[in-house]
Amino acid sequence: MVVSCGSKHTLYNLFQVLLDPGDEVLIPVPYWTSYPEMVKLAGGVPVPVEAGGGFRVRPADLEARRTARTRALILNSPNNPSGEVYPAEELAGIADWLVRNDLLVISDDAYQHFLYDGRTFTSIASFPGLPERTLVVGAASKTYAMTGWRIGWFLGPEPIAEAVARLQDQSTSNPSSLSQRAALAALDGGQEPVFRMREAFQRRRDALMKGLAAVKSIRYPFPAGAFYLFFTHPSITDSVETAGRILAEKQVALVPGRAFGMEPYLRLSYAVADQVLEEAVRRLVDFFRAA
Ligand SMILES: Cc1ncc(COP(=O)(O)O)c(C=O)c1O
């Protein structure tokens with residue numbers, strides 16, 4: 001295990017130690033915006049994988065993009081931006097495909113504690129043959145609302161952990177000891193605050209879906225986890241342009257789908273107070289009714 005300055009730092013370190021120039025990393029679409037850039041910074045080649053049947057990739061989608069240079073797959077479930085969660089049986093299929101092709105998987109578990117409607121988290125590392133090929137990336141920033149403290153971690157095979165530790169030692173000399181103490185207190189302490197946050201997110205997600213139902217043509221994958229709604233509307237052709245107009249006209253900040261490799265979508269974060277969200281929904285409904 002190696003503790004780093006946020007899971008973003010963990011991911012960056014991993015790509016630096018894993019990739020040789022030209023190595024390919026499979027990145028399911030939509031993806032967290034930093035993955036492709038980090039892969040490129042390490043000399044690798046990001047390979048976006050479209051999900052044939054919706055927002056979750058299947059082994060056939062991955063197989064279609066696999067080459068002799070494929071080194072790893074990035075899995076992020078619950079997903080930023082879609083809120084999608086891979087059910088255990090789909091993870092089993094992907095796990096089997098990884099073993100058959102002798103590939104690594106980077107499991108970005110940043111939102112592992114934010115699953116709704118009684119769902120429970122399944123790690124891909126729990127399937128046969130996977131512990132030795134799963135690189136688990138964890139974060140304090142989402143689970144404990146400790147974004148600014150910058151603590152993330154890597155769990156995985158020892159040779160990779162050693163390489164990450166050497167790289168980190170020569171670059172940042174490791175995260176601040178104060179932040180490490182704070183994260184330890186969060187991990188060791190009672191987890192009730194996390195459960196309360198999960199309840200609050202579920203309540204806000206439900207309110208959001210109810211509010212947006214006023215515009216029948218708004219569509220989105222069901223947000224089973226994380227704290228985002230990734231939606232589209234027939235009036236959106238260019239997500240950057242629409243996000244800009246919504247910001248200018250309604251003062252609601254959304255992230256364009258293009259940042260996540262998927263058009264024509266917009267990502268809304270519901271990690272905001274209930275009243276703020278309620279007002280944002282009212283303004284979005286106004287905007288899309290007139291669109
Ligand atoms: C999927 C995912 N991974 C990693 C991160 C990075 O989080 P941090 O560096 O704060 O741990 C984020 C932040 O938005 C994220 O959404």
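Counting starts at 1 for both ligands and their atoms, in listed order.
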Check: T147 N/O within less than 3.5 Å of ligand 1 N/O: no
Pair Y31 + F260: ring centers closer than 6.0 Å: no
Presence of salt bridge, D20 and R69, under 4.0 angstrom: no
Top protein contact for atom 9 (O) of ligand 1, by heavy-atom distance: R150 NH2, 2.8 Å
Test of proximity, Y111 against ligand 1: N or O pairs below 3.5 Å: yes
Ligand 1 contact by H9, heavy-atom criterion under 4.0 angstrom: no
Residue G6 vicinity, atoms of ligand 1 by number, heavy atom under 4.0 Å: 9 (O), 11 (O)
Residues which pass salt bridge (Lys or Arg N to Asp or Glu O under 4.0 Å) with E279, listed by chain and number, not counting sequence neighbours: R282, R283
Numbered atoms and elements of ligand 1 in range of Y35, under 4.0 angstrom, heavy atoms: 1 (C)
Heavy atoms of other groups near E158 CD, more than 12 under 6.0 Å: no
Polar proximity ligand 1 side, N80 side, N/O cut 3.5 Å exclusive: yes
Atom 13 (C) of ligand 1 - nearest protein heavy atom and its distance: K142 NZ, 2.7 Å
Y220/F55 under ring-ring contact (aromatic ring centres under 6.0 Å, His included): CA gap, chis, key distance, verdict: CA-CA 10 Å; Y220 48 82; F55 287 78; over 10 Å; no
Ligand-side contact atoms (ligand 1) for residue partner N76, heavy atom cut-off under 4.0 Å: 1 (C)
D108, I151, D109: member with heavy atom nearest to atom 3 (N) of ligand 1: D108
F227 near ligand 1 by a heavy-atom separation under 4.0 Å: no
Side-chain ion pair, R56 and E84, N-O less than 4.0 Å: yes
Salt bridge (Lys or Arg N to Asp or Glu O under 4.0 Å) partners for D238, two or more places apart: R258
Lys/Arg N to Asp/Glu carboxylate O, D96 vs R100, below 4.0 Å: yes
Per-atom contacts, ligand 1 versus A139 - under 4.0 Å to a heavy atom: 11 (O)
Identity of the nearest option to atom 11 (O) of ligand 1, non-hydrogen atoms only, from C5, S7, G148, S4: S7
Salt-bridge present (R196, E199; N to O < 4.0 Å): no
